[in-house]
Number of protein chains: 2
Amino acid sequence: MKEVLPGFNFAVSIDCVLFGFDGNELKILLIERNEEPFKDWWALPGNLVNEEESTDESAFRILRELTGLSDIYMEQYYAFGDVNRHPQGRVISVAYYAMLRLGGEKPLKPLTSYAKKAQWVNVANLPKLAFDHQHILDKGLEKIKRRIKHLPLAFELLPEKFTLTQVQSVYELILGKKLDKRNFRKKILSFKVLKELDEKQRGVSFRAATLYKFDKRKYNKLFGKEISF
Amino acid sequence: MKEVLPGFNFAVSIDCVLFGFDGNELKILLIERNEEPFKDWWALPGNLVNEEESTDESAFRILRELTGLSDIYMEQYYAFGDVNRHPQGRVISVAYYAMLRLGGEKPLKPLTSYAKKAQWVNVANLPKLAFDHQHILDKGLEKIKRRIKHLPLAFELLPEKFTLTQVQSVYELILGKKLDKRNFRKKILSFKVLKELDEKQRGVSFRAATLYKFDKRKYNKLFGKEISF
DNA sequence: TTACTTAGTGTAAAAAATACACGTTATATT
DNA sequence: AATATAACGTGTATTTTTTACACTAAGTAA
């Protein structure tokens, strides 16, 4: 226990919506809680903000603790401040999202005492979530839907080298609708942020597709311009 | 003083960016602080969140206390959580914006003990602001720039009856650039959310313009569709 | 060699965005 | 009453963007 000034009895937490793409499905990272409240429930990875760190720093720390990853672009998208959202007191949660590439060399290693395990779960098939996490997730999904229409975010989900069909899959999963193949390719190439490689997919049955790379330099020049899907 | 659980020693505040349009200039409401810290500085209107109210409820209460207005659509846009943003302790500020019509019948009446006065100030000509309020304001401006491109927000700033030239002025002020008159009219009318009235401006020198009303019902149907300026 | 599956490509039509200039009308002034 | 003033209100041609739509090519596997 600790003494505080009046008004200074709130806690602030971070919840992270981590999107991942395994080539077929859009997934998010969930943990199975090992502590009350909501022990044994699935929840978004999150934790309390420490006193000596900003919310942004806290978000990066928590992501690192949960996945071993740093250098990921996370973006704050909303603060959830309902009175009874946490049974143990007044907790304001600041939500961040990030897009991660799955199946890379180093496996994600969630090292958390308060979680039994962490697992990537298909967004289309989620368990019931602790607290108001379903709501937080829904808002996050809305957000990236709007975002991906205006910025080429999809590449953060994809491996370094990818095919145009994979890019299209990501767009279709996030937007929740089918897109026309020719029009999609015309459009995504028109932004000139993709570099065609002299290399084909390997290890696939059937015809291998050409691989592309994301050209971050050209992307940065594009930033600010309006694009849409 | 009060005893709390570990982690529960943060305060949460609301800061409001209230945009107003007086026919010529885009303004925001500032208060002159009457209390330390930053006594005598100009600041965004804001206050601490009470324990028994959500952040949304708190934002509406604070807006009401400062302006006497209710029934205003406010939207949360960002949470500011740097460590040293408040000299008296760890305060996370959740920022909201709203658009108000100025010069209505009832004058805005800020009734605050902690403020010497409240005043509408031209966004293009601001004093130095307390805390990180300049930063909060900048983010708010960015936000409404993006928003107004995709939603017809401008009408919240205008009186019930307005001219198309006034609508265009609001867009030009927020976007910070001149728009073509004929193209602007074509576009804004194409959304079919404006109702032409059988009535002209009064009390102006020179030719009076036709007045329009905003049709909220039709606007609600539009919601979700993409529009852009 | 054949069957299968995904890759990769072009065009025409429709819709939207842009660029651009002048006659009209109400008021104010002389 | 005539005139000057200043903002109002309107249309079209061009360019750009979006949409709709279907087949051949290439590589793998049996």
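Computed over heavy atoms, backbone and side chain alike; hydrogens, waters and symmetry mates excluded. Labels below follow one simple rule: chain letters A, B, ... track the order of the sequence lines, proteins then strands, and each chain is numbered from 1.
- For the atom pair A:His135 NE2 and A:Tyr78 OH, the distance stands at 7.5 Å (nearest 0.5 Å).
- Side-chain atoms of A:Lys186 come within donor-acceptor range of the base of C:dT11, with a qualifying N/O pair under 3.5 Å.
- When each of B:Thr210 and B:Phe206 is assigned the nucleotide of DNA chain D with its nearest heavy atom, B:Phe206 is the one assigned upstream, toward the 5' end.
- Atoms CZ (A:Phe184) and C1' (D:dT17) sit 17 Å apart, rounded to a whole Å.
- Atom C1' of nucleotide D:dC21 and atom CZ of A:Arg185 are separated by 16 Å, given to the nearest angstrom.
- Among the nucleotides D:dC21, C:dC4, C:dT18, the one closest to any side-chain atom of A:Asn183 is D:dC21.
- Judged by closest nucleotide on DNA chain C, A:Ala209 is the one of A:Ala209 and A:Asp180 placed further toward the 5' end.
- Side-chain atoms of B:Lys200 stay outside donor-acceptor range of the base of C:dT25, with no qualifying N/O pair under 3.5 Å.
- In the set D:dA6, D:dT28, C:dA7, C:dA7 carries the atom at the smallest distance from any side-chain atom of A:Lys181.
- Atoms CZ (A:Arg207) and C1' (D:dG27) sit 8 Å apart, rounded to a whole Å.
- Neither side chain, B:Arg147 nor B:Tyr77, offers a donor N or O lying under 3.5 Å from an acceptor on the other.
- In A:Lys213, the NZ atom is not crowded: 12 or fewer heavy atoms of neighbouring residues, nucleotides or ligands sit closer than 6.0 Å.
- Between D:dC21, C:dA17, D:dT18, one nucleotide has an atom nearer to the side chain of A:Lys187 than all others, and that is D:dT18.
- Side-chain to base pairing of B:Arg182 with C:dA19: no donor and acceptor N or O lie closer than 3.5 Å to each other.
- Atom C1' of nucleotide D:dG9 and atom CD1 of B:Ile188 are separated by 16 Å, given to the nearest angstrom.
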